[in-house]
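The next block holds one structure in the form of C-alpha cells; read it before the comments.
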Amino acid sequence: MYDTIIIGAGMSGLAAGIRLAYYEQRVCILERHYTIGGLNSFYRLRGRDYDVGLHALTNVTPKGTKTGPLARLLRQLRLKWDDFAIAPQLGSEIAFPSKRLKFDNNERTLRDEVAWVFPKEADNFDRLAREIIDYDDLSETHAGISAREVVSSIIRDPLLVEMIFCPLMYYGSARENDMDWGQFSIMFRSIFLEGLGRPAAGVRLILKHLVRKFRALGGELKLRSGVKRIITENGRATGVVLDNDEVLEARNVVSSAGWCETMRLCDDGQPVLNSRAPGQLTFCETIASLDAQPRDLGHDLTITFFNDHDKFAWQKPEELCDLRSGVICSPNNFAYDSPLDDCTIRITALANFDRWRALEEPNYRLEKLRWYDRICESAVRFVPDYRAHVTDTDMFTPTTIVRFSGHDNGAVYGAPEKQFDGRTHLNNLFICGTDQGFVGIIGSIISGISMANQHCLTRA
Amino acid sequence: MTPAEIREEVLDILSDIAPDEDLSNLDDNVRFREQLELDSMDFLDIVMELRKRYRVQIPEDDYINLASMNTTVTYLEPLMKDIQREKV
C-alpha cells in the first residue's frame, strides 16, 4: 500500500513526488513511457542532444531573488539556484510585418520599446503592467474574465494588443483566440516581468535533479508502467491497474495525465467524461542542426515570435500547419559561460492534430518533409536564412506529442478549462500539471508542489 | 526541550526552509511574515518539519500560533517539553 501513487513522471509528477517523499510518504510514480519528462523531455539522435518542448524557462529571476515561482519551487524542493544553472536569454523579439518589439530579462526594455514604437501607448502599457495580478492574488474568478477585453480597454492600438498576446499565447494559452485574465497575468509576469533562461545542459539537467532527489528520498519510479485503470470504490480511488494487469493500492492518487484523460481512467464510468472540452492547440516543430553558431549567421536573438499580418490568430489551423505565425528559438542564444557545441534552430508552428493523425504512412512521412520545408521558409522571412548551414534535421508533429505525453489531441497546454483546486469527483483523486492550471516548466513544477501540499501532505 | 532549545530548533527549520535568509537579526516579537520572505507554502513546511523531526502534530486551526518566534515557542512548549532534542 502506497501513501500516494502519482500518474506521470513529468515535471509536475516528479515535483509532487519529491514533496511527499521528503515528508516520508511511500510514493510511487508511474510512467507509461520508457523515459521521464512527458511534455518536457529530451532525446539523443545521431550523436546530438535535443530537448523536447523546452525553448526557454519562463519566470527566470536572478540568483538571490526571494519571491516568485522560481524562488518558491527551489525552496520547496530544497534545491539550490545553482542546481539549475540557468543562463539568461540574450534578448527576444516580437516581429510583425510593420513593427518589431524587443524584450529581455530587464522589464524596462519592453517598456522602452513600446514607448519608442508605439509612443501614444507608453502610459497605457504602464497601466496594463500595473493591472497585472500577482500570483498569490489569483483566484478562480479571474478565469472567467476575457483578457482580450481587459487589455483592449487599456491599450488603444489593436496592433500592440496583438503583439502582446502573441508570445503569451504561444507560451501558455490552452484557449483559442483569447486567454483568461488570470492566465494572461501569469504569462505576462513570467515572460515580460521576470524573464527567460535556459540551463546549458537543457531540460535534462532539471529532470535529472528532480529524479535524483526523488530517488534519494526513497521514492519509487516505475517506467514502462502505464496505468490502465484507476480503481474506484464508494467515491474513492483505492489504487490503479497497470497495463500489465498488476494492481497497486494507494491512499491517494495524483494524476498528471490531464483532466479528460484521468476521468477516462476511472472505472466508475465517470459521468464528467464528456463535460469538459479537450484542448485543440498543438504544434509542429522543426529542429535544424547547424554547422555554425546562429550568431555567426547574423542571428543573435533568443526567441523570435513572428506573425505575418496585423491580426494574430491563435486557433486550430485548417491545414496541417498554420504558416502565418511561429516561434523561432535558438538554444545557443543564451548567456552561457561558454558557447554550446551543438548549434540549433527550432521553429514551432500551430498544427492540426486531426489532419496529422489521419495521415498514413508513407504520406505522414512525406507531409513531414513537405511541412518541414514550408515552416522553415516561413520563418526565414523574419530571421537570417540559415538553411545552407543545416547538417541534420528532425521534426515532431502533434501525433508525436500524443505518443510521448498521452495528452488528447497533443494539446500542449491541455484543456481550456482548468481545475485550479485539483479536485475530482473522487475525494482522494487529484490532478496536477497542465490541466490543473499552471503551464510551462516552472508552472508545472509549482502545480505538482501545490497539489501535493494541499491534498496529500497532511493526510498520510 | 526547553524553550531555548525549541527556539534553536525552529531557527534550524527556518534556515532549512529558507537557506538564503539571514536569521541572525530575527526579532522574536515580530511576525515571521513581516521580516522574512515566507509564504504559506513555507509555513506549511514549518509544520511538516516539526512532524518529521519530532512527530509533533499541529492541527490546521493552530497554524495561526506560528506567527512569530515568541508565539511559536509558547505554543510548542507544552507539546515538546518531554521531547529530547536531536543532535544536529
Side-chain angles (χ1 to χ4, degrees), chain A residues 3-4 15-16 18-27 59 61-84 134-139 213 217-218 421-422 432 438 442-443 445-460, chain B residues 9-27 30-69 72 75-76 79-80 83-88:
Chain A
D3 292 310
T4 304
I18 290 173
R19 285 293 295 169
L20 299 173
Y22 183 84
Y23 288 114
E24 299 169 316
Q25 285 202 12
R26 224 186 134 210
V27 190
N59 306 95
T61 42
K63 186 175 179 175
T65 307
K66 289 175 185 171
T67 55
L70 178 59
R72 176 177 285 181
L73 81 83
L74 292 174
R75 284 210 303 275
Q76 284 278 301
L77 300 180
R78 307 290 191 270
L79 291 169
K80 295 195 248 343
W81 198 94
D82 290 330
D83 287 338
F84 287 177
D134 205 352
Y135 296 109
D136 293 328
D137 300 325
L138 281 176
S139 71
K213 189 115 208 169
L217 293 165
D421 64 6
C432 70
F438 297 115
I442 305 291
I445 294 176
I446 291 284
S447 171
I449 292 171
S450 60
M451 290 304 103
N453 286 356
Q454 277 176 48
H455 299 304
C456 305
L457 212 48
T458 48
R459 287 190 176 208
Chain B
E9 194 60 34
V10 174
L11 268 182
D12 189 64
I13 288 172
L14 287 173
S15 68
D16 234 32
I17 295 169
D20 299 331
E21 292 277 2
D22 178 10
L23 299 168
S24 53
N25 297 319
L26 193 77
D27 184 333
V30 179
R31 298 161 67 87
F32 291 130
R33 218 181 261 278
E34 283 160 33
Q35 41 185 344
L36 306 171
E37 293 280 1
L38 295 185
D39 57 34
S40 54
M41 285 187 177
D42 298 319
F43 277 93
L44 175 67
D45 272 26
I46 301 177
V47 173
M48 292 305 299
E49 285 289 342
L50 287 164
R51 177 158 127 185
K52 180 174 173 176
R53 295 178 185 199
Y54 295 104
R55 308 286 146 204
V56 176
Q57 299 275 5
I58 303 175
E60 216 172 315
D61 292 342
D62 290 357
Y63 289 5
I64 191 165
N65 294 304
L66 308 178
S68 73
M69 183 60 92
T72 303
Y75 172 77
L76 290 174
L79 298 175
M80 297 181 73
I83 297 172
Q84 257 334 54
R85 187 167 187 221
E86 274 173 28
K87 290 287 166 274
V88 277

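Within every chain, numbering begins at 1; the chains are lettered A, B, ... in the order of the sequence lines, protein sequences first and strands thereafter. Heavy-atom basis, side chains included; hydrogens, waters and symmetry copies ignored.
- Here CD1 of Ile449(A) is found 8.0 Å from CD1 of Ile18(A). Values are rounded to the nearest 0.5 Å.
- A donor-acceptor contact shorter than 3.5 Å is absent between the side chain of Asp62(B) and the backbone of Pro59(B).
- Looking only at distances, a side-chain donor or acceptor of Asp3(A) sits under 3.5 Å from a matching main-chain atom of Arg26(A).
- Options Asp45(B), Asp16(B), Leu44(B) differ in how many heavy-atom pairs under 4.5 Å they form with chain A, and the most are formed by Asp45(B).
- With hydrogens and angles disregarded, no donor-acceptor distance shorter than 3.5 Å links the side chain of Thr65(A) to the backbone of Thr61(A).
- With hydrogens and angles disregarded, no donor-acceptor distance shorter than 3.5 Å links the side chain of His455(A) to the backbone of Ser450(A).
- Glu24(A) is linked by a side chain to side chain contact (heavy atoms under 4.5 Å, CB included) to Lys52(B), Arg55(B), counting only residues two or more places apart in sequence or in another chain.
- The distance from atom CD1 of Ile446(A) to atom CG of Leu73(A), rounded to the nearest 0.5 Å, is 5.0 Å.
- Atom CE of Met48(B) and atom CG of Leu457(A) lie 3.5 Å apart (nearest 0.5 Å).
- Among residues two or more places apart in sequence or in another chain, the salt bridge (Lys or Arg N to Asp or Glu O under 4.0 Å) test is passed with Lys63(A) by Asp82(A).
- Interatomic distance, Glu49(B) CD to Leu14(B) CG, rounded to the nearest 0.5 Å: 10.0 Å.
- Of all residues spanning residues 30-43 of chain B, those with a heavy atom less than 4.5 Å away from chain A's heavy atoms are Glu37(B), Asp39(B), Met41(B), Asp42(B), arranged by number.
- Within residues 74-81 of chain A, the residues having any heavy atom closer than 4.5 Å to a heavy atom of chain B are Arg75(A), Gln76(A), Arg78(A), listed by residue number.
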